[in-house]
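A short write-up of the structure that comes next.
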Amino acid sequence: MRPSGGSSQSVHWWQKRAAEKYVALLFIAPALLLIALFKLLPLVSGIEQSFKISPGLITPRWAGLTNYDRMWHDPLWHEALRNSAKGLVVLPIYVTAPLVIAFLLAQRVPGWKIFRATYFVSFLLPPVMVGYMFGAILGQDGPLNALLRAVGLGAFAQPWLGQLSTSMWAVYAVVFWAWFGLGVVIYTAGLATVPHESFDAAKVDGANFFQTLRFVVVPAMLPTMAYWGTICVTGMLLWLFPFIYSLTSGGPAGSSSTPEFYIYQIFSRGDQGGYASALGITLFCITALLVTMVMRLTYRSGRSNT
Amino acid sequence: MTRIWSSRATEASSSETDREANERQARVDRLMKRGRLILMTGLLTSVAIGTVFPLLFTLNTSLRQPEAFLRDRFGVAAPPHFANFSAVWERGGLPHSFFVSLFVTTAGVVTLWIVGALAGYAFSKMPLPGRGVLFALTVGSLLIPIQAIMYPFFLELRDFHLLGSYEGLVIGLVVFAVPLTVFQFASYFRGLPDALIEAARVDGAGPVRILSRVIAPISWPVFASVGVINFVYMWNEFLIPLLIVPDEAHQPLMLRLATAQGQFGADATLSSAIAIVAIIPALIAFLSAQRFFVSGITAGATK
């Protein structure tokens, strides 16, 4: 393959360098094509669809803001948004609990690697399987209620997934179980970058466990907490579908439905694609706005630290 | 407690009472250390039990005799009743679903390797006009989730006659993994020395040859990381197959799992058996490349 002549080699090489631009474009073509065809095009077409309705089997026709107006007055959509907002209530637990456990693991308790691997298993399980599994565990006669009855707390036994007041919280509890191990692993990686001397220094100063956690670990882990918090918020908006599908199907009466799940419910009715698109575009705007905001904040705080 | 040590160091003479005090202090320290260790291990163990119990409960259910299970749901599966597994394997439509999942997941990983490595290399090591904008577009498309474009995405696959087909499933799964995969490849390749590429170029190698013969062989860690992360993602994904596969004939395993809930109804022993089968491949994939999985998902945590 080596070109023979000296001068021809340099011309050859130079031509190749210029041609490389086109080769590079060819290299990115498959990725860009997939994204353009199956993400950008549907997004544009979704915006268009969101202004149309197609009741029955009639061809879709323009309907102006009808779909958005319907969204504005749809109590089930409001319920779904409220259920997402409930995620903010549990977010502090999602963010701090894995940090505490990761800090405990960082003390290098004997067998800490086995503990970490055990916690992580739950994240590797298919979410839809986790949902069915907990459907049995949280059921009326499931192990949780049986345990409560056995220890004399039978009064607290209840259909966790089947009543308005607890269904959404039960979903968040199951999701917490499923993601907890990922949080521990991410915090463990973050803690590994903190020099161990700062923990030792705190110990020498006589700080107890919680003081060390509050005044040494949390300040050092703020960027990781922001990173993990962003993952949790994104996940609460976009990754709950299989959990809800298998745990409650959004019920009872929409009490455990989130926007993504409600969009699927509307979509699967078959003749309300326009409305499903309007809801989808709205969800897109919410997540895009939220993620951009968080990125801005993280970026700014990161810069001021350096 | 540790202040004792410094006071002992400053006092040159160590009297009898001092030594006694020190010994007592050391004993207390040891006890407290052991107490703390027991406390920490206890806490970690109880969390581990909380993590493992649901899984053990499901495993136990899958190994119980159906009649015995209906009488008492909390009995222990002793001796284990493996017939549930052969039952779901024979009449649950499981082998075909298992094959569909395995085929689609493997094809998806290979596709992502090719698409991601090509784009990642072009973005990181080649002269590319409009690099910044194109890269931002590729990675930024992460912001377009399936839920936002469910209906038009479905229509498009229908118009391309991709609904219910293997190609449709692979494309559907791959598309939503492309942004992060390209990002992963690009960041890895960016860390490789340019001299390597220059040397190959002087030897007369073109970009395709450089990528396949020089870059790819030394970049196996990123291939392993992309491979295992996306194997687990595609194996476990539920919503995308739910949109793409309309009939029960070619259901991947996750959809099969959902169908089985209705099919077997109260007989949780059988649906539990399917659930146990469904989790194994992703667990094996993870265990075989644990390090690369963890390094891939924690990459953003340490920057």
Side-chain angles (χ1 to χ4, degrees), chain A residues 1-3 16 20-21 23-24 27-28 30-32 34-35 38-39 41-43 45-46 49 101 104 107 109 115 118-119 121-122 124-129 132-134 136-137 143 146 185-186 189-190 193 204 224 227 238 241-242 260 263-264 267 273 276-277 280-281 283-284 287-288 291, chain B residues 2 37 40-41 43-44 47-48 51-52 54 57-58 73-74 115 118-119 121-123 126-129 134 138 141 143-145 147-153 156 171 174-175 178 182 203-207 232 236 238-239 254 257-258 261 268 271 275 278-279 282-283 286 294 298 300-302:
Chain A
M1 279 294 130
R2 194 182 291 252
K16 256 190 181 165
E20 237 181 60
K21 247 198 294 200
V23 181
F27 274 19
I28 62 167
L32 278 186
L34 278 172
I35 286 168
F38 294 101
K39 281 194 148 190
L41 194 62
L43 184 68
S45 136
Q49 298 282 350
I101 296 300
L104 278 178
Q107 313 299 307
V109 176
F115 281 121
T118 311
Y119 302 154
V121 167
S122 57
L124 294 167
L125 302 179
V128 70
M129 179 264 181
Y132 287 126
M133 188 165 79
F134 273 94
I137 285 167
V185 166
I186 283 176
T193 62
V204 169
T224 314
Y227 174 75
L238 300 175
F241 180 84
E260 56 161 339
I263 291 172
Y264 175 77
F267 161 82
S277 298
I281 297 304
L283 179 63
F284 166 73
T287 36
V291 171
Chain B
T2 31
L37 195 68
M40 288 198 294
T41 316
L43 187 61
L44 291 174
V47 175
T51 309
V52 169
F57 181 74
T58 308
R73 301 168 63 161
F74 302 120
V115 172
L118 283 173
Y121 182 68
F123 277 129
M126 290 175 81
L128 182 68
L134 292 173
T138 308
S141 75
L143 288 174
I144 310 174
Q147 291 90 339
I149 54 174
M150 213 178 276
Y151 181 61
F153 180 80
E156 202 176 300
I171 290 175
V174 161
V175 163
V178 163
V182 170
D203 279 352
V232 173
N236 290 348
F238 181 69
L239 175 56
M254 291 310 132
L257 195 64
Q261 292 293 320
S271 44
I279 66 178
L283 282 183
F286 167 74
V294 171
T298 55
T302 49

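The shown structure was predicted, so the numbers you read here are calculated from the model rather than taken from an experiment. Basis for what follows: all heavy atoms, side chains included, without hydrogens, waters or symmetry-related copies. We name chains A, B, ... by the order of the sequence lines, and we start the count at 1 in each one.
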### Query
When heavy-atom pairs shorter than 4.5 Å are enumerated against chain A, which of B/L43, B/L134, B/L128 gives the highest number?
B/L128
#### Entry: Heavy-atom proximity to chain A below 4.5 Å, by part of B/Y151
both
### Task
Kindly compute the distance separating CD (A/E260) from CG (B/L239), expressed to the nearest 0.5 Å.
7.5 Å
#### Entry: Among A/G280, A/A136, A/P126, residue most engaged with chain B (heavy-atom pairs, under 4.5 Å)
A/P126
### Query
If you tally heavy-atom pairs under 4.5 Å against chain B, which of A/A31, A/P42, A/S45, A/S277 wins?
A/P42
### Query
So which of A/G46, A/P143, A/A288 has the largest heavy-atom pair count under 4.5 angstrom toward chain B?
A/P143
### chain A contact via B/T58 - which portion, at a heavy-atom distance below 4.5 Å
side chain
### Task
Under 4.5 Å heavy-atom distance to chain A, tell me which part of B/V175 shows up: side chain, backbone, both or neither.
both
### Contacting region of B/A282 [heavy-atom separation from chain A under 4.5 Å]
side chain
### Task
Starting at OG1 of A/T287, measure out to CD1 of B/I144 and round the result to the nearest 0.5 Å.
10.0 Å
### Task
Between chain A and each of B/F153, B/F123, B/F74, B/Y121, count heavy-atom pairs under 4.5 Å; write down the option with the most.
B/F74
### Query
Do you know which two heavy atoms are closest between B/A148 and A/F284, and how far apart they sit?
CB-CB, 3.6 Å
### Task
Search all heavy atoms of B/P127 against all heavy atoms of A/E20 and return the closest pair with its distance.
CD-OE1, 3.2 Å
### Largest heavy-atom contact set with chain A, pairs under 4.5 Å, which of B/L37, B/V294, B/L283, B/L143
B/L143
#### Entry: Exam field: side chain B/Q147 to backbone A/L238, donor-acceptor pair closer than 3.5 Å
yes
### Query
In Å, rounded to the nearest 0.5 Å, how long is the span from OG of B/S271 to CE of A/M129?
10.5 Å
## Note on the structure
Taken to the nearest 0.5 Å, the spacing of A/Q107 CD from B/L44 CG works out to 10.0 Å
### Query
Tell me, do B/P207 and A/F27 make a side-chain contact under 4.5 Å, heavy atoms counted?
yes
### Task
Just give me the residue among A/V121, A/I101, A/L283, A/L125 that pairs up with chain B most often, heavy atom to heavy atom, under 4.5 Å.
A/L125
### Task
Write down the atom of A/Y264, the atom of B/M150, and the distance for their closest heavy-atom approach.
CA-SD, 3.7 Å
## Note on the structure
Looking only at B/A275, B/S141, B/P145, most heavy-atom pairs under 4.5 Å shared with chain A are made by B/S141
### B/V47 versus chain A, the contacting section by heavy-atom distance below 4.5 Å
both
### Message
Between A/L32 and chain B, with a heavy-atom cut-off of 4.5 Å, which part of the residue counts as in contact: side chain, backbone, both or neither?
### Response
side chain
### Task
Heavy-atom distances under 4.5 Å only: say whether A/F38 touches chain B with side chain, backbone, both or neither.
both
### Message
Less than 4.5 Å to any heavy atom of chain B: does that hold for the side chain of A/V291, its backbone, both, or neither?
### Response
side chain
### Query
Has the side chain of B/N236 got a donor or acceptor atom that lies under 3.5 Å from a matching backbone atom of A/L124?
yes
### Query
What's the spacing between A/K39 NZ and B/T138 OG1 if we round to 0.5 Å?
10.5 Å
### Query
At their closest point, which heavy atom of B/T51 faces which heavy atom of A/Y119, and how far apart are they?
OG1-CD2, 3.8 Å
